[in-house]
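Below is one structure, written out as structure tokens; comments come after it.
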Amino acid sequence: MENRLTEQEIVRREKAQELAQKGLDPFGSRFDRTHNTDTFKADFSQYTKDELHEMSQPPLVKVAGRIMTKRVKGKAGFAHIQDQYGRIQIYVRQDLVGDDAYEIFDKGDLGDIVGVEGHPMITNTGELSIKVVNYTHLVKALRPLPDKFHGLVDVEERYRRRYVDLIMNEDSKKTLILRSKIISSMRRYLDNLGYLEVETPVLHPILGGANARPFVTHHNTLDMPFYLRIAPELYLKRLIVGGLDCVYEIGRLFRNEGMDPTHNPEFTTIELYLAYSDLAGMMDLCENVIINIAEETLGKTLIQFGEKEINLAKGWRRAHMVDLIFEETGINFFEIHDFETAKQLALDHHLKVEPHLYGFGHIVNLFFEHYCEEKIIQPTFVYGHPIEVSPLTKKDPKDPRFTQRFELFIDTREYANAYTELNDPIDQLERFENQLKEKALGNDEANEMDIDFVESLEYGMPPTGGIGIGIDRLVMLLTNSASIRDVLLFPHMKNRGKL
RNA sequence: GACCCGCUAGCUCAGUCGGUAGAGCAUUUGACUUUUAAUCAAAGGGUCAGGCGUUCAAGUCGCCUGCGGGUCACCA
């Protein structure tokens, strides 16, 4: 049933039994610390070696952590113990801790968790350390840690055993802690502006709010199928109808689609709605919130991302999709008004026109995706999406072929998607009907009809601006991570075959 | 889904032209009371991802399978 134990695992199990025979719990209990490695350094790094040495009543501290290095030299030894904040060196002398405790230290393994009580000191080589007077074994590690110098390198192992990755690799820990700080910074910023954080259902009876293939599940008592949500949009807008004028939700979305360095089947977004605002309001908000996060968590807005330098400083470019296409191809879609002409242009440019691309706007979108996306490096709000690809967006009153929508692009990738929300229930009903038409033509990602949502709009939804921001990608950008898996604590992996 | 790359000791990696499987860290034993990738001496540890084939002989060559990484396609 179990894999055969390695020599090292057998030795460690034996050591655990030896501890038990001495009356010590190999997997011990509570240890009340006075300091962590960070507060210890903060409290004592101001002193010199001599000042610490000559204190008549030196402070007594208690710190706990995992043994990461160990250098025993006969009747004394050094080790580094590690907690969430870092490492601290401990100095253990037989004459200070006693023979029994010293033997336990001597037989301790890398990976074991210990608690120490002692005095701050500085070694001859100048390292702030703890001179231990009480040494407490807390937890035996039955498996050895990876190479103390190289850490855990194997990418697959780092994702599958994230706990080992977190123990061994400072960079992974930093990235994942920064993720937490980014999200709390975003939340704090919006809360200070008076936004209300809400939670809407993850189980959706109707597919809507985005175009994506869903996960399908089933509820036993109700005996009905549910989708895991692909977007919270339609629920949040019902809240706007209900009079909650500024709301946001940070949460997980699920899309049953391909996986690659920027796509995970479950991912985190924020969606936000502000009554009486519009597209321009969302641009300002988006720019401000991201800049604020960068300043709060990184202390700068000029950041390195892979080979490129990204400037997040205020004043992001705002460009109409049609203008960007003109820049790249010389084609002015403002002057083209019929589908056949547009389609012919696409065919002339060797673009593949799928059967469900039946409208002028589909062709515009096709040109943008093919010619423009990959050219955008610095933060750019691309606005004016065609109506055909924006089923929930208000039309541009000046040119109803386009909508009041923008996407934020940075380094060729989409980071945010925002609308002046469609609040005309009659128009919304037509859009849903068009989506049904697409579904019939083979687009299995088209929205389903949500009559209750249409009815909610019939009660009147204020003019509203809404935005969604992909948080995983934002974290990737701010942590200079190449893969979404580096910013997820536990990325999904295929089950391993039998070992 | 297609193509490319990877998988050798607990970890990090070598392994030549196909000819008895190697190192460092870790482990065990011994020495060592300010070391820090501690040092020194000795020892143990392997289903070379799994399978099939070619061959006198396969970690090495070929094919299949699994898992991972990357690129492309699909997909917002």
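Because the structure is predicted, anything quoted here is derived from the model rather than measured. Chain naming here is simple, since letters A, B, ... match the order of the sequence lines and numbering starts at 1 in each. What you see below is based on every heavy atom in this structure, not just the backbone, and it leaves out hydrogens, waters and symmetry mates.
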- pair_partner(C52(B)), Watson-Crick or wobble, both distances < 3.5 Å, evaluates to G62(B)
- Item | Donor + acceptor pair across side chains of Glu249(A), Thr200(A) (<3.5 Å) | yes
- Distance in angstrom units between Leu110(A) CG and G10(B) P, rounded: 17 Å
- Counting any heavy atom closer than 4.0 Å, what does Glu127(A) reach on the DNA or RNA strands: base, sugar-phosphate only, or nothing? base
- Message: By the 4.0 Å heavy-atom rule, please label Glu257(A) as base, sugar-phosphate, or nothing.
- Response: sugar-phosphate
- Item | Strand partner of C67(B), provided both Watson-Crick or wobble distances fall under 3.5 Å | G6(B)
- Message: Working to the nearest 0.5 angstrom, can you tell me the gap between Phe409(A) CZ and Arg317(A) CZ?
- Response: 13.0 Å
- Message: Check whether Phe360(A) forms a cation-pi arrangement with Lys343(A) (NZ or CZ under 6.0 Å from the six-membered ring centre, at most 45° off the ring normal).
- Response: no
- Message: If the cut-off is 4.0 Å, is Arg71(A) near the phosphate of A38(B), judged by side-chain N/O to OP1 or OP2?
- Response: yes
- Message: Classify Glu407(A) by what it touches in the nucleic acid, base, sugar-phosphate, or nothing, heavy-atom distance under 4.0 Å.
- Response: base
- Message: Ignoring hydrogens and geometry beyond distance, is a side-chain donor-acceptor pair present between Glu157(A) and Tyr159(A) at under 3.5 Å?
- Response: no
- Message: So, OP1 or OP2 of A26(B): does either fall under 4.0 Å of a side-chain N or O from Lys148(A)?
- Response: yes
- Query: How would you label the contact of Ala212(A) with the nucleic acid (heavy atoms, under 4.0 Å): base, sugar-phosphate, or nothing?
  - Reply: sugar-phosphate
- Message: Can you measure Asn124(A) atom CG to U33(B) atom C1' for me and round it to whole angstrom units?
- Response: 12 Å
- Message: Is it the case that G10(B) (base atoms only) and Asp147(A) (side chain only) share a donor and an acceptor within less than 3.5 Å, ignoring hydrogens and angles?
- Response: no
- Message: Taking C17(B) as the reference, what is the distance to U60(B) when you measure between their P atoms (whole Å, please)?
- Response: 15 Å
- Task: For Gly77(A), answer base if it contacts any base atom (sugar-phosphate contacts may also be present), sugar-phosphate if it contacts only those atoms, and nothing otherwise; contact means non-hydrogen atoms under 4.0 Å.
- Result: nothing
- Query: Contact class for Met168(A) (heavy atom, under 4.0 Å): base, sugar-phosphate, or nothing?
  - Reply: nothing
- Query: In whole Å, what is the span from the NZ atom of Lys75(A) to the P atom of U35(B)?
  - Reply: 17 Å
- Between atom CG in Asp112(A) and atom C1' in A26(B), what is the gap in whole Å? 13 Å
- Task: Provide the distance between the two P atoms, one in U65(B) and one in C4(B), to the nearest whole Å.
- Result: 13 Å
- Query: Across all strands, who's sitting opposite U27(B) as a Watson-Crick or G-U wobble pair, both distances under 3.5 Å?
  - Reply: A43(B)
- Message: Check the phosphate of C75(B) against Arg213(A), side-chain N and O only, distance under 4.0 Å to OP1 or OP2. Yes or no?
- Response: no
- Query: Would you find a donor on one side and an acceptor on the other, under 3.5 Å apart, between the side chain of Asp147(A) and the backbone of His150(A)?
  - Reply: yes
- Query: Choosing from C74(B), C67(B), G10(B), which nucleotide comes nearest the side chain of Asp260(A)?
  - Reply: C74(B)
- May I have the distance from Leu152(A) (atom CG) to C13(B) (atom C1'), rounded to whole angstrom? 14 Å
